[in-house]
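Data first, discussion second: the structure below is written as structure tokens.
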Amino acid sequence: MGLFSKSEAYLGIDIGAHGIKLVEFHKTKGRPQLWTYGMADEPLDIHIKESHEKSVEELASEHRVSSDSPKKEKVISVEPDDPRIEKYAKLLKELLKESRVTTNKATASLPVSYIFHAVVTLPNIEDKEVDHIISAEVKKMLSRPVEEMQIVHQRIPRKEGDKDSKYTRFLVTAAPKELVRFYTAIFQKAGIELQELETEAFAVERSLVGHDKAIAMVVDIGAERTNLFIIDNSLPLTHRSINVGGQSIDKIIKNTLGIDDNLVGQVKKDLSHSKESLDPKIFLPVLDPIMKEIEYSFDLFLSQSGNEGKRPEKIILTGGSSVLPFIKEELSKKFPMKVFVGDPWARVVYQEGLKMVLDDIGPRMGVAIGLALRNIFKN
């Protein structure tokens, strides 16, 4: 009999534009122990056919709602015979085999660019009425029929001394059911039983913030997009996304140094471990939009009812390009708070000999780690 039973295995899988990442933990004395991990670095087209309809933010301004979804809500169409389902399932199956994963149950994430995320403020009402009223409120902001959306919500706890007891705030997340079916089909083809599908916002909060009650912003610099989440009292209350990311940085490095695509990754790795750096000014086309979005997100959050007087304390960087020193340096100059690259392995038990490798890949694994942690700390 093995040291761990299958019921003790917790698998998180993150499918993104730059490939697939997975992490498996086993629970030991109530703590997550690293069992295996894997990455398949391959550009993936995770985009779904879409058309832009209503402006979520314009609609939100008409109601007692603060919306932090992408600027335009996307109308999504997925064909049941989409060839990507078979392709990505095959890639996932190969990664599962190579990583020697021991369980066929997993928690996975949905791409945040398709997720509606909002804080809804309602008068105090009976619990039995909450679902109906939230559905009615969200319906006003969606360009798709609310029946086509999978909506979840949770009550935002009041802080001690909260004077406004007439209202209750709810964190609402909605995903198109068609998108959920698309991702579910990939995992079914790969022989994986999905325990949950959740948004990246909750995964990165779990791996990078945990029980810290301070107000923090997580800046996740992905391959195609940079996602920004404000975490307050261990809840991701806002989400914004901009169309710049690691690929934009790669292009600047390639053009500046005149090197081939296959050398860019090594250059970025060298820069992350070296005191020498390229002139930060060449990266302004990427840095400027990120810094402006951070500033706007904080301003918007602090202007919302109930947030007056709050003080953000830290900016946590994650994502493959977050380790480039100039990003932390420039943000530290701009914002009067602690700026650092997050460590998603902080609450994980692993062999000391793996530390250097895990530190190197950590910024890319934050979502997968957070997904794998979901049911460990939930139980």
Side-chain angles (χ1 to χ4, degrees), residues 14-21 39-47 70-71 109 111-113 200-201 204 207-208 217-229 239-297 314-335 339-344 357-368:
D14 172 27
I15 299 179
H18 200 64
I20 303 175
K21 297 102 176 174
M39 293 185 291
D41 286 333
E42 181 176 326
L44 302 182
D45 176 13
I46 60 172
H47 301 289
K71 292 184 182 297
S109 61
V112 293
S113 54
E200 294 176 15
V204 296
S207 65
L208 297 176
M217 173 178 285
V218 174
V219 179
D220 184 1
I221 306 174
E224 292 184 341
R225 307 185 66 85
T226 294
N227 297 304
L228 304 95
F229 312 97
H239 160 231
R240 298 186 65 81
S241 184
I242 55 175
N243 194 29
V244 296
Q247 291 176 357
S248 303
I249 294 174
D250 292 354
K251 187 175 181 180
I252 292 171
I253 292 175
K254 175 187 174 183
N255 293 339
T256 300
L257 300 180
I259 59 177
D260 294 333
D261 289 336
N262 59 352
L263 295 177
V264 172
Q266 184 60 48
V267 170
K268 289 174 71 175
K269 186 175 181 178
D270 292 342
L271 288 174
S272 69
H273 296 293
S274 173
K275 293 182 180 180
E276 298 182 5
S277 180
L278 297 173
D279 185 352
K281 292 181 181 178
I282 67 174
F283 297 102
L284 286 178
V286 177
L287 288 173
D288 272 352
I290 291 176
M291 289 192 291
K292 288 178 181 176
E293 199 63 40
I294 291 173
E295 188 172 34
Y296 178 77
S297 295
K314 60 191 74 174
I315 295 174
I316 305 172
L317 303 175
T318 191
S321 296
S322 65
V323 295
L324 294 170
F326 67 85
I327 297 178
K328 174 186 171 182
E329 292 167 4
E330 294 302 308
L331 293 186
S332 296
K333 293 176 186 177
K334 175 74 173 178
F335 300 98
V339 180
F340 60 96
V341 178
D343 178 14
V357 174
L358 298 182
D359 285 348
D360 190 46
I361 65 172
R364 299 176 57 193
M365 303 294 285
V367 172

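All values below come from the heavy atoms of this structure, side chains included, with hydrogens, waters and symmetry mates left out. Values in this document were obtained by computation on a predicted structure and should not be read as measured data.
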Inset, instruction - List the steps and the verdict of side-chain contact (heavy atoms from CB on, under 4.5 Å) for Leu317 and Leu331. - result: CA-CA 10 Å; Leu317 303 175; Leu331 293 186; 3.6 Å; yes
If you take all heavy atoms of [X] and [Y], which pair is closest and at what distance?
X	Y	value
Leu228	Val219	CD2-CG2, 4.2 Å
Pro363	Val323	CG-CG1, 3.4 Å
Val339	Ser332	CB-OG, 3.5 Å
Pro344	Gly366	CB-CA, 3.9 Å
Ser248	Val286	CB-CG2, 3.6 Å

side-chain hydrogen bond (donor to acceptor under 3.5 Å, both in side chains) involving [X] - partner list, sequence neighbours excluded:
X	result
Lys333	Glu330
Asp343	none
Asn255	none
Lys268	Asp250, Ser321

As an exercise, state the distance from [atom1] of [X] to [atom2] of [Y], rounded to the nearest 0.5 Å.
X	Y	atom1	atom2	answer
Leu44	Glu42	CG	CD	5.5 Å
Ile294	Tyr296	CD1	OH	15.0 Å
Met39	Asp14	CE	CG	11.5 Å
Leu324	Leu278	CG	CG	9.0 Å
Glu224	Gln247	CD	CD	5.0 Å
Met217	Phe335	CE	CZ	7.5 Å

Inset, instruction - Establish, from distance only, whether the side-chain atoms of Thr318 and Asp220 form a donor-acceptor pair under 3.5 Å. - result: no
Legend entry - Verdict with reasoning, Ile315 to Phe340, per side-chain contact (heavy atoms from CB on, under 4.5 Å): CA-CA 7 Å; Ile315 295 174; Phe340 60 96; over 6 Å; no
Inset, instruction - Taking the side chain as every heavy atom from C-beta outward, state whether Asn227 and Arg240 have any atom pair closer than 4.5 Å. - result: no
Inset, instruction - Tell me, please, which residues at least two apart from Phe283 pass ring-ring contact (aromatic ring centres under 6.0 Å, His included). - result: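 In terms of ring-ring contact (aromatic ring centres under 6.0 Å, His included), with neighbours along the sequence ignored, Phe283 is linked to Phe326.
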Counterpart residues, side chain to side chain contact (heavy atoms under 4.5 Å, CB included), relative to [X] (two or more places apart):
X	answer
Asn243	Arg225
Leu263	Ile259
Lys334	Met291, Glu295
Asp359	Lys355

Look only at the side chain of [X] and the backbone of [Y], and say whether a donor-acceptor pair between them is shorter than 3.5 Å.
X	Y	value
Thr256	Ile253	no
Asp260	Asn262	no
Thr226	Ile242	no

Inset, instruction - Scan residues 258-282 for pairs that pass ring pair (Phe, Tyr, Trp, His ring centres under 6.0 Å), counting only residues two or more places apart or in two chains. - result: none
Legend entry - With Asp41 via salt bridge (charged side-chain N to carboxylate O under 4.0 Å, His left out) - residues at least two apart: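 For Asp41, the residues satisfying salt bridge (charged side-chain N to carboxylate O under 4.0 Å, His left out) (neighbours in sequence not counted) are Arg364.
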Inset, instruction - Quick one: list whatever passes salt bridge (charged side-chain N to carboxylate O under 4.0 Å, His left out) with Asp261, sequence neighbours left out. - result: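 Counting only residues at least two positions away or on another chain, Asp261 forms a salt bridge (charged side-chain N to carboxylate O under 4.0 Å, His left out) with Lys254.
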